[in-house]
Q: 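Just passing along the structure, written as structure tokens.
Below, read A as the first sequence line, B as the second, and so on, with proteins coming before strands; counting in each chain starts at 1.
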Amino acid sequence: MILAPDFYQQPNVVAIARKLLGKVLITRINGEVTAGRIIETEAYSYKERGCHAYNNKQTPRNEIMFVMGGVAYVYLCYGMHNLFNIVTNKTGKAEAVLIRALEPVAGQEVMLARMNTKKLNRITSGPGKLTRAFGIDRSLNGISLLNSKITLEDAAPINSKKIVATTRIGIDYAGTDALLPWRFYVKDNEWVSKW
DNA sequence: TAGAGGATTGAT
DNA sequence: TCAATCCTCTAC
């Protein structure tokens with residue numbers, strides 16, 4: 001069952017980031033289907049410095065964060081990696097959840113071809129890698145997650161004992177906001193990013 | 001319009 | 001530890 005719009009439109013992006021663990025992301029790009037369970041997420045809000053939309057700063061790049069929750073925010077990072085976020089909350093409340101790691105469920109051979117490798121090992125363990133494996137790029141920025149190209153399927157929640165909350169990665173410039181425990185991952189799962 | 005830097009990754 | 005690589009934002 002596809003996650004309903006009201007799931008994304010809740011006001012607490014941190015709670016959504018936690019609930020997204022275990023859900024299944026499905027992409028259908030150029031007729032090729034890939035699917036994966038969400039293993040790792042990070043929450044971002046206009047209220048804190050780690051966010052592109054901090055202090056409600058709106059730019060051409062991040063304007064999609066300001067629309068109604070339930071769409072994709074895809075942007076280029078470090079000149080070479082597409083990062084995939086799920087926009088949450090209501091119009092004007094810029095919040096989003098970065099998807100950092102997936103566990104492949106279907107379409108593994110498509111992923112291997114896209115990654116130009118033969119080993120399934122850790123090919124979706126990281127925000128830049130999973131977008132490549134799933135065929136997500138900036139042309140999908142702003143697309144609805146109810147659209148057939150990208151959808152999210154509901155699934156049983158992860159046991160709360162298996163969920164680890166910790167600090168986000170790569171946002172040292174955010175000062176004390178970098179210390180917020182807004183990164184969530186499934187404990188002991190081999191697909192979590194980094195080592 | 002120039003310059004700095006980034007929600008990363010993989011090789012050294 | 002460091003380079004790859006290019007888009008975005010800020011300041012001039």
Side-chain angles (χ1 to χ4, degrees), chain A residues 8 12-18 20-21 25 36 38-67 69 71-89 93-104 111-143 145 150 152 164-186 189-195:
Chain A
Y8 304 106
N12 186 341
V13 67
V14 179
I16 296 174
R18 188 186 173 95
L20 277 170
L21 295 178
L25 177 73
I38 297 174
I39 295 300
E40 182 177 347
T41 61
E42 283 181 3
Y44 287 88
S45 169
Y46 62 94
K47 299 171 186 171
E48 47 83 22
R49 304 181 67 86
C51 183
H52 290 163
Y54 171 59
N55 209 17
N56 284 315
K57 187 181 66 175
Q58 190 167 352
T59 67
R61 178 178 66 164
N62 71 17
E63 63 179 353
I64 206 65
M65 289 187 72
F66 289 82
V67 306
V71 301
Y73 171 41
V74 185
Y75 72 95
L76 185 69
C77 182
Y78 294 110
M80 62 195 82
H81 302 293
N82 293 292
L83 267 55
F84 171 65
N85 299 253
I86 294 170
V87 175
T88 70
N89 215 326
K93 302 285 188 182
E95 296 186 325
V97 177
L98 171 69
I99 305 302
R100 291 191 57 88
L102 297 167
E103 176 182 332
M111 299 179 201
L112 292 175
R114 287 183 180 141
M115 301 301 279
N116 194 26
T117 181
K118 290 187 168 58
K119 291 184 297 184
L120 198 55
N121 192 269
R122 305 186 69 78
I123 58 169
T124 51
S125 300
K129 289 194 291 186
L130 70 89
T131 53
R132 186 177 161 200
F134 276 66
I136 297 170
D137 63 31
R138 283 178 302 146
S139 71
L140 299 175
N141 186 43
I143 200 171
L145 299 177
I150 306 184
L152 271 151
V164 178
T166 183
T167 53
R168 294 172 293 174
I169 291 175
I171 54 163
D172 294 342
Y173 57 84
T176 53
D177 287 334
L179 302 176
L180 293 169
W182 284 12
R183 172 176 173 235
F184 300 96
Y185 65 88
V186 179
N189 188 288
E190 63 172 318
W191 297 93
V192 172
S193 71
K194 295 255 175 180
W195 290 96

Q: For the pair made of CZ in A/R138 and P in B/dG6, what is the distance, rounded to whole Å?
A: 18 Å

Q: Check for me: is A/Y78 stacked on C/dA4 by the 5.5 Å centroid and 30° plane-angle rule?
A: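 By the stated criterion, A/Y78 and C/dA4 do not stack.
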
Q: Out of C/dC9, C/dC7, C/dT5, which has the shortest distance to the side chain of A/M80?
A: C/dT5

Q: Specify the residue among A/G79 and A/P60 whose closest nucleotide of DNA chain C lies further upstream toward the 5′ end.
A: A/G79

Q: According to the Watson-Crick and G-U wobble definitions, with both distances under 3.5 Å, which nucleotide is paired to B/dT9?
A: C/dA3

Q: Verify the contact: side-chain N or O of A/Y173 to OP1 or OP2 of B/dA7, cut-off strictly under 4.0 Å; return yes or no.
A: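 Yes.
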
Q: A/D137 has an atom CG; how far is it from atom P of C/dC6, in whole Å?
A: 15 Å

Q: Suppose you measure atom P in B/dA2 against the same atom in C/dT5; what distance do you get, rounded to whole Å?
A: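 About 22 Å, rounded to a whole number of Å.
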
Q: With the side chain of A/T59 defined as its heavy atoms from C-beta on, choose the nearest nucleotide among B/dT8, C/dC7, C/dC9.
A: C/dC9

Q: I need the OH-P distance between A/Y75 and B/dT8, as an integer number of Å.
A: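 Those two atoms, OH and P, are 7 Å apart.
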
Q: Does B/dG10 have OP1 or OP2 under 4.0 Å away from a side-chain N or O of A/K129?
A: yes

Q: In whole Å, what is the span from the CG atom of A/L83 to the P atom of C/dT8?
A: 14 Å

Q: To the nearest angstrom, how far is A/N85 atom CG from B/dT8 atom P?
A: 11 Å

Q: What is the distance, to the nearest angstrom, from the CG atom on A/N82 to the P atom on C/dT5?
A: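 After rounding, the gap between these two atoms is 15 Å.
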
Q: Ignoring backbone atoms, test whether A/R100 places a side-chain nitrogen or oxygen under 4.0 Å from the OP1 or OP2 oxygen of B/dT8.
A: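 For B/dT8, OP1 or OP2 has a side-chain N or O of A/R100 closer than 4.0 Å.
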
Q: Check whether any side-chain nitrogen or oxygen of A/H81 sits under 4.0 Å from OP1 or OP2 of B/dA7, and answer yes or no.
A: no

Q: Calculate, to the nearest 0.5 Å, the distance between atoms CG and CD belonging to A/L21 and A/E40 respectively.
A: 9.0 Å

Q: Quick one: label A/G50 by what it contacts on the DNA or RNA (base, sugar-phosphate, nothing), any heavy atom closer than 4.0 Å.
A: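 Contact class for A/G50: base.
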
Q: Looking at side-chain heavy atoms only, is the closest gap between A/Y8 and A/V87 below 4.5 Å?
A: no

Q: Are A/Y75 and A/N85 close enough that some pair of their side-chain heavy atoms sits under 4.5 Å apart?
A: yes

Q: Under the 3.5 angstrom rule, does the side chain of A/N141 hit a backbone N or O of A/R138 as a donor-acceptor pair?
A: no

Q: Mind calculating the distance between CG (A/L98) and C1' (B/dT8) to the nearest angstrom?
A: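 It works out to 11 Å between those atoms.
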
Q: Measure from CD on A/E42 to P on B/dA7 and round the result to the nearest Å.
A: 11 Å

Q: Could you please name the option among C/dT8, C/dC9, B/dT8 that lies closest to any side-chain atom of A/K57?
A: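 Among C/dT8, C/dC9, B/dT8, the one nearest the side chain of A/K57 is C/dC9.
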
Q: Answer whether the closest heavy-atom distance between the side chains of A/R100 and A/Y185 falls below 4.5 Å.
A: no

